[in-house]
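Scroll down for the structure; my scribbles are underneath it.
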Protein chains: 2
Amino acid sequence: MAEIAALAGVSKPTVSKVMNGQPGVAATTRERVERVIAERGYVRHGAARALSAGRSGSVNLVVKEVDNPYHAEIIRGVEETLERAGLSMVLTATHDEERRHRRWMARVLEHGTDGAILVLPDEHFTHLAELHNRGIPVALVDDRGEIPVGVASVGATNFAGGFAATEHLLSLGHRRIAIIGGPSFKSTRERVAGYRTALQEAGVAVDPRLHQAGGFVAETGYEAAKNLLRLDEPPTAIFAGNDLQAMGVYRALYEAGLRTPDDVSVIGFDDLPLSRLLTPALTTVRQPVREMGALATRMLLQTIAGEKLESSRVELATSLVVRESSGPPKI
Amino acid sequence: MAEIAALAGVSKPTVSKVMNGQPGVAATTRERVERVIAERGYVRHGAARALSAGRSGSVNLVVKEVDNPYHAEIIRGVEETLERAGLSMVLTATHDEERRHRRWMARVLEHGTDGAILVLPDEHFTHLAELHNRGIPVALVDDRGEIPVGVASVGATNFAGGFAATEHLLSLGHRRIAIIGGPSFKSTRERVAGYRTALQEAGVAVDPRLHQAGGFVAETGYEAAKNLLRLDEPPTAIFAGNDLQAMGVYRALYEAGLRTPDDVSVIGFDDLPLSRLLTPALTTVRQPVREMGALATRMLLQTIAGEKLESSRVELATSLVVRESSGPPKI
DNA sequence: TTCTGTTTGGAAACCGGTTTTTAGAAGGCT
DNA sequence: AGCCTTCTAAAAACCGGTTTCCAAACAGAA
């Protein structure tokens, strides 16, 4: 910058003002400086800017795993929003490992990023309070429910989603409806509650044998479905905990020689982009995942800007997307 | 840091040495300083470090879209490798938009990151040369073939993959084998060349009507398969350009009431994690995508460290993964 | 012509570390 | 005892910008 200043016959502060579009520089001078900048292809040194300006211009996004279509959607929502705001996204995967948690914590703490967005903070995540205490802006997506006061968080209306899916199956005539849960997140519990409530309102008894549990992965869906098919009175419909589980259910049904939805209806949760590509296309409860990421980002940016949030907790609406995998039960 | 120094009764440089584990500090002093650091929970200011040390400790990864399972695998490979090296990953999606290209270029140029990894640089990418000229370390994954001398790049043995897939289908007895190409990348051309070579070696005539083209998305596979099924003499096997296209082929076959592999065999390319979850599980040509990302990262780190690369271009081996979607043709 | 108010632009301080240089103390040697 | 090393740690310079503060120049008004 000193070089540019010398070439343009001005001082460093003047060049700085020109680059930042600040007032206090005569039009002719500004033009001259700009020409020199363009000629030399000068770009500022980011670290120096970050140091004196006090902000890094980037935000840290922490997910459990990057190669997971659910997280990919969130990543996309966050990236787009940050890009629009002129910020960069630092992405970290934790894989539930303590070491990786510490690494990104260190990164955030040393002001490597201006704030952090956490997706589904897991067991190891005991650090949230510390971030908050140090005054570092944080926002959460699809949290597990234990949020320190004042931390922004975005979720979905899981109860309504579970209710709607179950109601849909009931209206098709199903009475033996199984559900596959997920990890013991608040969101999972709400979905199951929605399922139970819908059954009860329809006067259908809740059969605990029809409730399987496990992780949010395809294997869980596969194993759970196999268990369910072994029951004396197997279900005519399976409500998977998410779309990935539903793929596992598809596989179990395929191996058992059963057809969807003729023999068994399947419903997923999330509405990942791939769910409409499956054969048959998956009926699922849509969560606006990308929008959730975008919203959490906007809330974080507000926090960073020092603005007060209208509400620190926001839940976006889920909606049932009926495709090919749900139909009336075989007599 | 000045505060820590005062509390420990030493000077800033001493604290700096302690934090960086440098010699020249007496054991007792070091211990005292470390205790104060721990007590106060002190963390260095990243920007200040980056400024004086001259490196940001992060690398920029540029992909076209983050919500794409192929890219997700690369992202994962890159992230893991960087994490192990103690660096952060800044992720940027371009969506082929000129504006986004400029943004990340600016970021890299202003030393916001120590280097960049580009995945499948697309049309808009005319900036590679500039980066190279400015001496900024760059590595490429799955490039299109036009690489400036000296830039590290990682690819896969696409010709061999195309050849192996076709040979597999031929050995099952197929003679009407269709292929769906992708964008006009070097990789695509090589795969098609492998396909043609395999056919010719087997003495099977290459029928241009059996060659469809389009993007690396499911819709392309869907449309292409519909076109192929309308032919007077439709194919008994379809070799999709990638796994996503294969999903589109599945859908077209499903809608046409055809069964896989009984009526039509399908082969994909990539071996994404989800390809084994499909029903039927997809036979595909495996590309070690994650490893390609990891390798490109390692090559970049070498470049950053100033080490000479043994070879600036590396191609990893593809391998055929036979699952359920390929079988002998119906008589 | 003199005074006041407004631009314009530069000098200096600062951001928070790292690196280099220098000074002092301790220990070893003749 | 005197001199030379070797350690240890502090002082100062530096990284490359931004921000604050102030002076000079200029314009308009009295």
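Side-chain contact between A:Arg290 and A:Ile74: absent, with no pair of heavy atoms (C-beta onward) separated by less than 4.5 Å. By the 4.5 Å heavy-atom criterion applied to side chains, B:Glu83 and A:Arg103 are counted as neighbours. Side-chain contact between B:His95 and B:Arg100: present, with at least one pair of heavy atoms (C-beta onward) separated by less than 4.5 Å. Side-chain atoms of A:Glu34 and A:Met19, non-hydrogen and from C-beta on, never get closer than 4.5 Å to each other.
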Show me the donor-acceptor pairs within less than 3.5 Å that the side chains of residues 300-308 of chain B make with the rest of the protein, sequence neighbours left out.
{"unit_1": "B:Gln302", "atom_1": "NE2", "unit_2": "B:Glu307", "atom_2": "OE1", "d": "3.3"}
{"unit_1": "B:Thr303", "atom_1": "OG1", "unit_2": "B:Met299", "atom_2": "O", "d": "2.9"}

Name each donor-acceptor pair under 3.5 Å that joins a side chain in residues 25-32 of chain A to protein atoms two or more places apart or in another chain, with its distance.
{"unit_1": "A:Arg30", "atom_1": "NH2", "unit_2": "A:Gln22", "atom_2": "O", "d": "2.7"}
{"unit_1": "A:Arg32", "atom_1": "NH1", "unit_2": "A:Ala8", "atom_2": "O", "d": "2.3"}

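Taking the 5' to 3' direction, DNA chain C first and last meets chain A under 4.0 angstrom from a heavy atom at C:dT8 to C:dG16.
Applying a 4.0 Å cut-off to non-hydrogen atoms, the residues of residues 38-53 of chain A that approach DNA chain D are A:Tyr42, A:Arg44, A:His45, A:Ala48, A:Arg49, A:Leu51, A:Ser52, listed by residue number. Annotation: proximity of residues 11-18 of chain A to DNA chain C (heavy atom, distance under 4.0 Å) is found for A:Ser11, A:Pro13, A:Thr14, A:Lys17, numbered in ascending order.
Using a 4.0 Å cut-off between charged nitrogen and carboxylate oxygen, A:Arg44 and B:Glu110 do not count as a salt-bridge pair. A salt bridge links A:Glu291 with A:Arg298: at least one charged nitrogen is closer than 4.0 Å to a carboxylate oxygen.
Evaluation of the ring pair (Phe, Tyr, Trp, His ring centres under 6.0 Å) test over residues 2-44 of chain A, restricted to residues two or more places apart or in two chains, returns none.
In this structure, CD of A:Gln22 is placed 15 Å from C1' of D:dC21, rounded to the nearest angstrom.
Between B:Phe216 and B:Phe185, the ring-plane angle classifies as perpendicular under the 30° and 60° cut-offs.
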